[in-house]
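All remarks here apply to the structure that follows.
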Protein chains: 2
Amino acid sequence: MPQSQRQLEERQMRKERILSGALQVFKKNGIDGATMDEIANASGFGKATLYYYFKSKEDVLTAILLDGWLKIWESLEPVIGEQKSPRKTFINVLIKIAENAQNRPGLFEFLFNVPKVVKIENQPWKEYQERLYSVIKGLLEDGVKSGEFPNVNPNHMFKALGGLFMGLVFMGDREEPVTDKDVEKLLNQLITDPTISKK
Amino acid sequence: MPQSQRQLEERQMRKERILSGALQVFKKNGIDGATMDEIANASGFGKATLYYYFKSKEDVLTAILLDGWLKIWESLEPVIGEQKSPRKTFINVLIKIAENAQNRPGLFEFLFNVPKVVKIENQPWKEYQERLYSVIKGLLEDGVKSGEFPNVNPNHMFKALGGLFMGLVFMGDREEPVTDKDVEKLLNQLITDPTISKK
DNA sequence: CTAATTTTCGACTATTAATTCGATAAATAT
DNA sequence: ATATTTATCGAATTAATAGTCGAAAATTAG
């Protein structure tokens, strides 16, 4: 009756294995195109076993998303905690995200694109996503206020950055980690640091 | 046996009516979520009649997309034809797209987002989409070469612009047409015209 | 070792929705 | 006015697939 620690851990492993197979299939066929049969194959279990671990297909998807966002958020927390300048923090946040993206390739592109396809009502991962977005927007605003960024509309910056960053991290065929130099360069193409390039 | 002109036109009308109902439903429920029954209702025909005019659900979707991209492209051709400076042409192209987007609200957001959801193999509309993208990229490159844009990576610019522009045109609650002032302003937030703001 | 429990799974069921059928009506032609 | 062509549609068919069932194998407990 007393579930042993090992038992619990193995259970967790199996869940992760299913999630990983599911991600593959979701990415290949799209969310609606993915079938439980194929997910079962991809993860090496029988279909019925999926339902032993997860309530439904939707539940599987939600688990992938929640887990993904949670891990991003956790890796970001310390960076956000450090009391550096908005610009410095901002750059570190981007680097951290890039790091995440490169550790688990595929997952993050999925994470950032899936909201367009899913009914987002009471999705538990939505909270973490929103937190991340509001932190970034906050940093932009603070940076503008403190004069570290030139006076552009933070909302516009945010959107432009989205396109740029996704391009850099996801589409890129690069293997090497994204360095702060990369991010600085990218950033300088959009907004020159007024404290440096006073010219 | 000789289909009268009017007959052909009425037929065309009916097809458009179906397409318009279908777009509504696609937008509301997503592509996979949309049912032919609902499309039939929305467009005021019986379900079987849809199949009299279109081969399949996919065919309906393709027709929407092809028609949309074709119309964008046609409206853009003259603007591209005029031999103005890259920067001027670039701005005019953006304005034209914005115009299109406002004339048929809903369609264009759909047009620009749907590729993420659809298997894009031999899609006839893909060609027009690619043409548009390559024109824009070309203008950016020419602008950089001629010194009208500062020397940023055109690929990055392109992506950043995507985010920005979509924000301005689609998300915005604005009713008024997008003017060249708007586009200039937007543009200047990203890239200052070196021929003006030499400071 | 035997009983309980956890895990696994292929076959079955139920549902949903795309597509087709067959009949009928409306319009057009002769 | 009759025949032919064009248009319409609800009902039936079919296909796909999410989710369930009941049995059995593996593991753990006493």
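By convention in this document, chain letters (A, B, ...) are assigned in the order of the sequence lines, proteins followed by strands, and residues within each chain are numbered from 1.
- As a whole-Å value, the separation of A:Leu50 CG from D:dT17 P is 15 Å.
- In this structure, the side chain of A:Ser56 engages the main chain of A:Asp59 through a donor-acceptor pair within 3.5 Å.
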So which protein nitrogen or oxygen atoms get under 3.5 Å of nucleotides 23-25 of chain C's nitrogens or oxygens?
none

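- For A:Lys28, the salt bridge (Lys or Arg N to Asp or Glu O under 4.0 Å) test picks out A:Glu38, with sequence neighbours left out.
- Within 6.0 Å of the CD atom in B:Glu127, the count of heavy atoms belonging to other residues, nucleotides or ligands exceeds 12.
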Distances for protein N/O vs nucleotides 26-28 of chain D N/O pairs under 3.5 angstrom?
{"unit_1": "D:dT28", "atom_1": "OP1", "unit_2": "A:Arg6", "atom_2": "NH1", "d": "2.9"}
{"unit_1": "D:dT28", "atom_1": "OP1", "unit_2": "A:Arg6", "atom_2": "NH2", "d": "2.2"}

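- Less than 4.0 Å separates DNA chain D from at least one heavy atom of each of the following residues of residues 52-65 of chain A: A:Ser56, A:Lys57.
- A search for side-chain hydrogen bond (donor to acceptor under 3.5 Å, both in side chains) contacts involving B:Arg17 returns nothing, not counting sequence neighbours.
- In this structure, the ring pair (Phe, Tyr, Trp, His ring centres under 6.0 Å) partners of B:Phe158, at least two apart in sequence or on a different chain, are B:Tyr133.
- Taking A:Ala40 as the reference, A:Lys47, A:Leu50 meet the side-chain contact (heavy atoms from CB on, under 4.5 Å) condition, with sequence neighbours excluded.
- When atom types are taken as modelled, the side chain of A:Lys57 and the backbone of A:Ile31 share a donor-acceptor pair closer than 3.5 angstrom.
- Shown here are the salt bridge (Lys or Arg N to Asp or Glu O under 4.0 Å) partners of B:Glu99, two or more places apart in sequence or in another chain: B:Lys96.
- When the salt bridge (Lys or Arg N to Asp or Glu O under 4.0 Å) test is applied to B:Lys27, the partners found at least two apart in sequence or on another chain are B:Glu109.
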Review item, side-chain donor-acceptor pairs of residues 75-83 of chain B, under 3.5 Å, at least two apart:
{"unit_1": "B:Ser75", "atom_1": "OG", "unit_2": "B:Ile72", "atom_2": "O", "d": "2.9"}
{"unit_1": "B:Ser75", "atom_1": "OG", "unit_2": "B:Asn100", "atom_2": "ND2", "d": "2.8"}
{"unit_1": "B:Glu77", "atom_1": "OE2", "unit_2": "B:Trp73", "atom_2": "NE1", "d": "3.4"}

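- Within residues 11-28 of chain B, the residues approached by DNA chain D to less than 4.0 Å at the level of any non-hydrogen atom are B:Arg11, B:Arg14, in residue-number order.
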Encode nucleotides 9-14 of chain C as B, S and - characters from 5' to 3', where the letter depends on protein heavy atoms closer than 4.0 Å: B to the base, S only to sugar-phosphate, - to neither. BB----

